[in-house]
Structures are given as C-alpha cells and as structure tokens.
Amino acid sequence: MAEYNFRDIEKKWQTYWQDNASFKADVDKTRPKFYALDMFPYPSGAGLHVGHPLGYIASDIVSRYKRIKGYNVLHPMGFDAFGLPAEQYAIQTGQHPAITTAENIVKYKEQLKNIGFSFDWAKEVQTCDPSFYRWTQWIFMQLFDSWYDYNTDKARHIDELIALFEKEGNSNIKAECDEDVPNFGAAEWNAFSFKEQQNILLKYRITYLAETTVNWCPELGTVLSNDEVKDGFSERGGFPVIRKNMMQWSMRITAYAERLLDGLERIDWPEPLKEMQRNWIGRSNGAEVDFRVENTEIDIKVFTTRIDTIYGVTYLAIAPESDLVDIIISNDKKQEIKDYVEVVKNRSERERMSDVKHITGVFTGAYALHPFTNEQVPIWVADYVLAGYGTGAVMAVPSGDQRDYDFAKHFDLPIVPIYDNMDISEHADPTKEGKMINSGILDGLGYQQAVDKAVAFIEEKGIGSSKINYRIRDAIFARQRYWGEPVPVYFKDSIPHLVDEKDLPVILPEVDKYLPTEDGDPPLGRAENFNYTPEGSSESYPLELSTMPGWAGSSWYWFRYMDALNDKEFVGKEAEEYWRSVDLYIGGSEHATGHLLYSRFWCKFLYDMGFVKEDEPFKKLINQGMIQGRSNFVYRISGSNKFVSYNLKDDYETSALHVDVNMVTNDILDIEKFKQWRPDLSDVEFILEDGQYICGSEVEKMSKSKYNVVNPDDIIEKYGADTLRLYEMFLGPLEQFKPWNTNGIDGVFKFLRKFWNLFHDDQGNFVVSDDEPAQEALKTMHQTIKKVEEDIEKFSFNTSVSSFMICANELARLKCNNRAILTDFVLILSPYAPHVAEELWQKLGHSDSLLNANFPAFNEAYIREDSYEYPVSVNGKMRTKMSFPLDMPKEDIEREVLASEVIIKWTEGKQPKKVIVVPKRIVNVVV
RNA sequence: GCGGAUGUGGCGAAAUUGGUAGACGCACUAGACUUAGGAUCUAGCGCCGCGAGGCAUGGGGGUUCGAGUCCCUCCAUCCGCACCA
C-alpha cells in the first residue's frame, strides 16, 4: 500500500511557502489586521527542545486560521540575542559572542523552519544587530530627554521642563524626580552654571544617573535588576548577590506605577499574571506622619497604612541603613549602635531573609514626641525595618502588628490595645472591627471614622497627609558586561551627554578579553578609542562603559516587526497606525515582572511622546505552560554491574541512574542501545521481568544533564511536522504544565495516515467521489467545522484534535471519500497540519495554495436534529431520554411524558404528578 | 504568613456551562488476518458484584427534581511574593 509520505510532502510545501513568500505581511488597508506574536527566544547553544515550539504552534494555528478567515496576519519571529550565556562562553573560550550567537541562530532557524511555521522571515529581528540596536539606543535617548509630569500625568520633553524652570523655577512642578532636588526660582535657575543645571536636570530625566543601592553579583561582575534576583541569588547562574551603593543608570518606571496598574483593567491577560504585576507594583494606601525628635528640629517621617492605630504607638523603629541613625543617636550610645549597624550591614541579603524569626534591635537613647499626645516615644534601630520601603522608619503599634508585637515582647516595651474587642494576650490583633479605646480624640470611633479624623488632624497641623506608597523601585538600566547594547552617552566635564542622533548606532567595540579591566572598569574599558567626538569639537570624550540590560531590546521589539527594514524610524507611521498593537501574545509567565512590565512601561512612554498610537502593547496574552521532561531511570544493584527492572528493585539495594529517554519506549529499555551507550556498560547484566527491562520515571525540567531532552527534529524525522504539531496540541490545555511523553504520538500519527488512506487506493492513487455526500457525513462534517472554529476562538486546541479524529473515524466508517467533504476537512485541518492539508488541496485540483481559500462555514441545517432528546428525571434520578419534534408545544410534551409507560414502569406504578419543562428543553418529572 | 491556581480511570484528558460522567488518545485484555509483527482490523476496558444491582469526579456538609459544574468547610499539590509597616 502506498504510504502517507510526510517527508516529501513537508519538504515540498515548506519550499513552496518560502519561494512564494506566502507569509509576507504588508500594510493592506482593505483587510482587517491580526498581529500574532510569540515571545522571541534566546538562541542558546543547546538548540530547541520539544517544549519550545508549543506556544509557537498555538500562535501559528491562530495565525493560519485568521488568515483563511480573511485577516491580514502579521506573524513574525526573531531572536533576543544579547545575553549572558554567550558572554560566559566567550570568557571561557575567547570566541566572540557574536559568532556563537550567529551560529545558534542558524540552528534555531533551521529547526523552526522544519516545523512549518507561517513566519514572515523577511521581518526577522535580532536584538544584537546594529540596525536593530541603533533604535534601542534611540529610545534610550528619548527617555533621557524626557521627564514625567504629574500635573498632566505623562512624560514630556526635557526642553519643556527647562522652559518652565526659566520662567518660574521648580516650585509648581510636580514631577517624578530624585528626593534631594533643591527648591529654586527662575532667577536662581538662570544664574546656575551649565553644570549645575545639568546636574539638576539629571534628577528629573526618566533615564538618569544616580547613586543607588544595587544588587551586585561579584561572580558575574555586574549589577542585576530586582527581577533578575531570586532569593538572594542571580537568576542566571545562581550566584550570590549583595547590596552595594553605586553610580548607576536607572529608569523612572516608578512614575508609571499608577498607570501600569490602571492599564491592567483594560487588557485581556490571565488573572494570575495581572495579580503578579499588581503585587510587584505593590500599591498601598496610607498616610505619612512626622514624629519630632525631642529637643531637636529633626522630624522622623513614617509611612503607615493604619493611621487609625496611632495611639497604639509605643516606639519608633528605623532601619539600620537609614541616614537618621547617625543624626539622632545620643553620645553615650554611639558605639553600641555603630557596632549593631555594622553587624547588620555585613549580613548578606540571603542571611537576613532566612533569619526572619531572630529579633534584633537597639535603643538609640533618643525619644520622639507623639504628634497627637506629645508623650515620649523611644526610638529604636531595628533590622526588621527596610531602608528601601516607605520612609525607612515605622511607627510601631505592637497591639496591631505582629512584627511590632514580637519586638515589643522581646524588648519588654508596652503594648496598648486600641480597639475594644482586641485580643492581644497571645499575639497582635490586626482587627478593624470594634470601637477605638485609649485613643484620645479618636475614642469611640469605628475604623473608617478614625482614619478620616486622624488624617484631618495631621493635615491641619501640617505634620503629614494621606499618601499612596508603591513597592516598585526604579529599574537599574546598566550592566557591567560586554555583550549588550552600548549606551549612547559620552562624558564631558563629568556630565553625561547624548551622542548626536545622526551618529547612531554606537557600535559595540572589539575587546581583547571579555573581562573587567584591571581598574575594575567594565569590559568596554578594554576597547581602544572608545570615544566620541561631537560635531564641531576638536576633542573627543569617553563613552559610557556599561551596556544595557537584557530587557532593553525586548521592551520594544514588537514595534520593529511592523516595519523591520525601516532605516529612518524605529517604526514607520503608516505601519504603526495599521498594526498598532499585538492582538495575541503567547509566552511563559516567568516574564511577568520583567519583560512584560518593562514593555508596558516603554510602550506608555512612547505613547506619551506621540511616537505610537496605543499605550498597551499586548491586548490579549496567553501563558503557555512549560513542557517538562520525563526522565527515565535504571537501577544498578549497589557494588555490581547488574541492573534490576523497576518492579523488582525493592528486593535489592540499588542506586538510580538517569538513562537517555531516547533509548526507552513506553518505559521499556532498549537493552542493545543501552549497552552501546557508554563503554563501561557493554558487559552489564540485567534482571528482567517478563523478559523486559522496565525503567522508572520522574517528571523533571527538561535538561541535557538529565538525559530527558526530546529534540523536535527526531520526532519530525519519525512522524513528520504535522504529527508533531497535532500531538503537541493534543497533549492537553495550552496553559497547563505537562510532562512530555512521546507514548501517545502513535494515535495522532495513525489519524493522519488513516485520513490519507481514506482518499487513496492501494496503489496510492488519489480517489474522490463526486456523488452527493450522505446526510450523516454532512452532519458530522458540519459539527466538526463548528467545533473547531469555537475551539480556536477560545484557544482550546486539544479538543480540536480530538474532533478531527472523531470526524475521520466517522468518515472512515461511512466509507465517505466525497470531494465536498474532503474540501471542508482539509480547510479546517490546515491550521493544525498545514503540509498535508496543502497536499490534499492540490490533489483536489486547486492550483493555488489553500492559504488563499476561505475557512468553511458550517451549515446549521445539517447539524440540527428534527427532534430533541429530552432527559427525563424522576425523583432526581435520570431515567431516560425521550425524543420529541423540535416544534412540539411544551404542554404536549408534558402530556406525553406523563403518559409514558417508561416513566410509569420506573416509578413502580406511581403516576407522575407533575412535569416541568424548564429552559434548555429539559423535562423534569416529580412524582 | 499573604496572594493565586489546580484536584475526574492505570496515564494524557473530555463533559454542549446544572441534565445518562469518563468523549478522543495512550496503555492493557481477547479475537481475526498473518511466515512474522512494535503492522492492520474487530470487540472489551472506572470500581465492587456470577447477577439483578450498587458505588464513583480530593474529604465532609448544603442548595436543587437533578451537582464534576453553584455555595460553605476541611485536606492535598503546584506557582508567585515574602519582615512592604
């Protein structure tokens, strides 16, 4: 019998699509657009495994579906090509990261092309390509030349700020800026030197240079952003991270905190992901209050979300790192506190986090005055107070907050209840119920009244106000590494200046080694003549030596795809106004607080500045679940070269060894392959069960070291790309995490082969019938069309694959090889299994690709039944279904049900008394 | 500790959104055709029971004629944040 020859078919159509540029997506205002985007991969040396294409297959199905639905579809692919692994490899081998990266990209592209994606490769982007990163640098420059105005709630050009300073100074300006900005009037501003003015502007720029506490990773020799640090270790490499003060480039993402929260309401993203972003931004409503330090002019500002509990304050606590510590400590305590602060500071982040239970602190000897009662409140230094959140100082209310309670117990400080129903015998009670007690002017009030009154009081006295606090910090925007975008900034008179726009891109220079210099400068410090000569200047100046972080290029790349070859703008007006934003974005949830947040930030900025028309980049987002590896194990009997089969291993003392999953089928080990795997295994012996060696298994992350990596190329070689695509979808819901298991793939392959054979005779000739299709076949076909359409619209791809199989089985049973039926089937199958669909389409006599055809409409006439089966329940038990014509009146149905012998029999002679026909055409019978 | 999600056969999973739970596939069992089969076809396949029948969607309770689906409660697993005042 002539076989379904997927190898030839797939090669043929992949070539056809490429030669005909079938997926070219250009602006076409006569058609609606659809922009389907995948999170572009980092091209690692290991190549793709079967987990990578999962999301790409899903977006490809949607893309192909939308295309035959009449949409103009943009479905691009590219590479996030700057990154640490290539650089680490360069440090070890001396190989230029550009070479490694280019090689990996070639490999990735080949693997991707084998799967038959409908990518428009003409729009490919690579973030490490100067024609791409010149625009990353350009956007950096726009951010540098902007400030965030809270009065208009948007970013504005820095020239407008300068104009305001010249006219009226900064007293009326509400902007996101550094905390140490002095107040000045217009005259003062105009009298400042250029350098003084620039230093002030730097405190307003959205990209700015400032002394900040950073996450420093000594091992990697670079700073990391908060989202790149997990539990005190670097995300890449797992090296320890410490806190350090450094001059750093940062971005004022904090300015956008509120808008980043608001925007979440308008986009269709998974709720857990939105929640993660909300937590990361960490908005909390509260108030700031000043506590005057006794006998001084110093105020300690605290932030609290529970201003109602202010009468419960029995001490103040300040962070060890706080500047206040030096100012307020009394002389006789100085040494004790210095020692304490020293100890705390030297503990790493990691130690401090893992040691939450341990309570430490020291009394400063100073007192503050309670703003409501004027009573003395002792001031403590405590390491449970974080310098970086709020004001770095807290008002402690031991009765209402567990940490304050523990601290007060430990140091024997008073605990004052402030609600009448509080129970503070064992622990703090954060209740908001009840009436206030021990609370002076707040006595007798409920929670909300107390808050309102307390805020009114502090505002009237001018010692505080209500305040919204955010957890999110400004993003550090520099890495002391080689393989990243150079920052388009040079230093003149130690003031940062932007490179002239016409001189972009600032090309990443060659260096002899990819390591820091002897002076501790970043690797770019090794480059010769890494200087910049401004136009008209005879002198040249040193360029910035840091490079941009990994997320720079990915924070705007979706715009570049729209107009990838434009060398005048980052995206042309026409393309941007047509494609606007991404309609469907598929990728992993691990980017929740990194890429996905930064992208929204940059998009909003570009929107503010009028460069783009949409302020949210990704309208709909789906998180595809990770495909995990399924490792197999063999069990070596300790101290021997015997291996015992899984179910017999408990009789021996064994150690488990990972075995390459490619030598295992349905958990049965291929013993010959195993023996040839490694020289030391050639003469091992086996204890078998039923003549077979059964392996154990476990679900783990897919990785080389666990020998559980399944390469899509191998699957394609054996079953073809169409089967791979169908099977990856068939595995389960897209969003779910699931282990890869090749076991079930035969079923999907058999479906394609069976379907193929239905339209081919034993000699392999294509045979279709032109007879009228049977009603039954039409019914099945149209049900399937409807189902598949609904499934794709709701991204439920696994159930579609089942529907294909059911339909094919049914057609095979009916021996239906009808032309009209095949035509419909091919079209609905085409998003999933495009190669075989194209082949059959051609055999049906079409000269054109089916990409230009239309998705078939289902015809309800074939689906509708002429009668409906009514489930009939008696006393709560489903007894039968009874069929009645669709147009039969309700009353007649009730009468017939009542008269039904079936019912009477099952109710043991009792006559049903009541029949209720409820909506959804369901009959209820109550006896 | 806080927040979020998920729990259905031996396994991956369906269930028209409140209406005969387990579609479809894998694995398994039996049979057919075969020199052979890791091919193909047919049938079976939640659990208990010879059977009639009974019990089953993590456990317990509730609403309903009827609950995998809605409500309460407990348990388990996974993910995120974690001294955030």
Side-chain angles (χ1 to χ4, degrees), chain A residues 1 230-231 270-280 282-284 286 302-306 309 317 319 352-353 355-359 382-386 388-397 400-404 406-407 430 469-472 589-590 592-593 625-626 665-668 697 726-727 730-733 735-748 750-751 753-754 757 783 786-787 790 796 798-809 869-881 912 914-916 918-927:
Chain A
M1 189 195 283
K230 299 268 182 272
D231 298 330
E271 197 48 46
L273 197 85
K274 288 190 186 181
E275 200 57 32
M276 269 192 247
Q277 290 210 343
R278 285 191 197 105
N279 289 341
W280 189 262
R283 178 190 152 118
S284 58
V302 302
F303 174 75
T304 177
T305 53
R306 293 294 303 275
T309 65
R352 222 168 130 175
M353 276 197 291
D355 194 18
V356 173
K357 290 286 163 293
H358 198 113
I359 295 162
D383 79 336
Y384 77 90
V385 181
L386 301 175
Y389 182 77
T391 60
V394 302
M395 56 175 236
V397 184
D401 184 285
Q402 191 58 40
R403 293 156 303 177
D404 298 344
D406 293 341
F407 193 86
N469 215 351
Y470 298 95
R471 200 184 73 108
I472 193 172
S589 60
E590 66 272 19
T593 52
M626 203 197 298
T665 311
N666 291 339
D667 288 340
I668 298 162
S697 70
L726 283 166
Y727 186 56
F730 183 71
L731 271 179
E735 300 89 336
Q736 219 157 79
F737 278 62
K738 56 214 163 222
W740 177 265
N741 185 348
T742 312
N743 290 354
I745 200 166
D746 279 325
V748 174
K750 277 187 220 165
F751 147 68
R753 194 174 52 193
K754 185 190 282 182
N757 289 339
Q783 273 174 342
K786 185 170 186 234
K787 178 84 168 82
E790 286 167 356
S796 171
N798 55 327
T799 48
S800 275
V801 182
S802 296
S803 302
F804 291 139
M805 294 187 189
I806 295 167
C807 187
N809 281 339
E869 289 195 314
Y870 291 75
V872 174
S873 67
V874 179
N875 293 344
K877 296 209 170 169
M878 177 64 68
R879 294 302 184 181
T880 187
K881 277 190 177 179
K914 201 173 154 200
V915 178
I916 310 157
V918 294
K920 295 187 183 171
R921 302 179 291 192
I922 304 300
V923 178
N924 289 322
V925 180
V926 183
V927 182

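Sequence lines set the chain letters: A, B, ... in the order given, protein chains first and strands last, and positions in each chain run from 1.
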Nucleotide nearest [X] when distance is taken to its side chain, options [options]:
{"X": "A/F730", "options": "B/G25, B/A85, B/A13", "value": "B/G25"}
{"X": "A/N798", "options": "B/A14, B/C83, B/G25", "value": "B/A14"}
{"X": "A/P733", "options": "B/G80, B/A13, B/G3", "value": "B/A13"}
{"X": "A/K754", "options": "B/A23, B/A85, B/C41", "value": "B/C41"}
{"X": "A/K738", "options": "B/A85, B/C26, B/A13", "value": "B/A13"}
{"X": "A/T799", "options": "B/A13, B/G4, B/A15", "value": "B/A15"}

Taking atom [atom1] in both [N] and [M], compute the distance separating them and give it to the nearest angstrom.
{"N": "B/C45", "M": "B/C26", "atom1": "C1'", "result": "13 Å"}
{"N": "B/C47", "M": "B/C81", "atom1": "C1'", "result": "43 Å"}
{"N": "B/G46", "M": "B/U73", "atom1": "C1'", "result": "28 Å"}
{"N": "B/G53", "M": "B/U40", "atom1": "P", "result": "38 Å"}
{"N": "B/A13", "M": "B/G49", "atom1": "C1'", "result": "29 Å"}
{"N": "B/U20", "M": "B/G66", "atom1": "C1'", "result": "12 Å"}
{"N": "B/G18", "M": "B/C71", "atom1": "P", "result": "11 Å"}
{"N": "B/U77", "M": "B/C28", "atom1": "P", "result": "32 Å"}

Return no unless some side-chain N or O of [X] is found under 4.0 Å from OP1 or OP2 of [N].
{"X": "A/K750", "N": "B/C26", "answer": "yes"}
{"X": "A/N279", "N": "B/C2", "answer": "no"}
{"X": "A/R471", "N": "B/A82", "answer": "yes"}
{"X": "A/Q277", "N": "B/G80", "answer": "no"}
{"X": "A/R753", "N": "B/U40", "answer": "yes"}
{"X": "A/Y384", "N": "B/A85", "answer": "no"}

Atom pair distance, as rounded to whole Å: [atom1] in [X] and [atom2] in [N]:
{"X": "A/L386", "N": "B/A82", "atom1": "CG", "atom2": "P", "result": "11 Å"}
{"X": "A/R278", "N": "B/A82", "atom1": "CZ", "atom2": "C1'", "result": "19 Å"}
{"X": "A/F737", "N": "B/G4", "atom1": "CZ", "atom2": "P", "result": "19 Å"}
{"X": "A/Y727", "N": "B/C11", "atom1": "OH", "atom2": "P", "result": "15 Å"}
{"X": "A/Y389", "N": "B/A82", "atom1": "OH", "atom2": "C1'", "result": "13 Å"}
{"X": "A/Q783", "N": "B/A23", "atom1": "CD", "atom2": "C1'", "result": "13 Å"}

Straight-line distance of A/N809 CG to A/F804 CZ, nearest 0.5 Å
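Result: 13.5 Å between the selected atoms.
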Out of curiosity, A/T391 OG1 to A/F303 CZ, how far, rounded to the nearest 0.5 Å?
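Reported to 0.5 Å precision, the distance equals 9.0 Å.
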Going by the glycosidic torsion and a 90 degree boundary from 0, is the base of B/U69 oriented syn or anti?
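Anti.
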Syn or anti conformation of B/G38, syn meaning chi within 90° of 0
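B/G38: anti.
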Reckon [X] touches a base, only the sugar-phosphate, or nothing at all at heavy-atom distances under 4.0 Å?
{"X": "A/D746", "value": "nothing"}
{"X": "A/N809", "value": "sugar-phosphate"}
{"X": "A/Q402", "value": "nothing"}

Just jot down the side chain to side chain donor-acceptor pair (under 3.5 Å) partners of A/R471, sequence neighbours excluded, or say none.
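Per chain and number, A/R471 pairs via side chain to side chain donor-acceptor pair (under 3.5 Å) with no residue.
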Criterion side-chain hydrogen bond (donor to acceptor under 3.5 Å, both in side chains) against A/T799, the qualifying member of A/S802, A/S803, A/S796
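The option that passes is A/S796.
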Taking 4.0 angstrom as the limit, do A/E790 and A/K787 come out as a salt bridge?
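Looking at A/E790 and A/K787, the cut-off is not met.
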Can you check side chain to side chain contact (heavy atoms under 4.5 Å, CB included) on A/W280 and A/I472, steps first, answer last?
CA-CA 6 Å; A/W280 189 262; A/I472 193 172; 4.2 Å; yes
Residue pair A/Y384 / A/D406, side-chain donor-acceptor N/O under 3.5 Å
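Distance-only check fails for A/Y384 and A/D406.
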Across all strands shown, which nucleotide pairs with B/G7 by Watson-Crick or G-U wobble geometry, both distances under 3.5 Å?
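For B/G7, the partner nucleotide comes out as B/C75, under the 3.5 Å rule.
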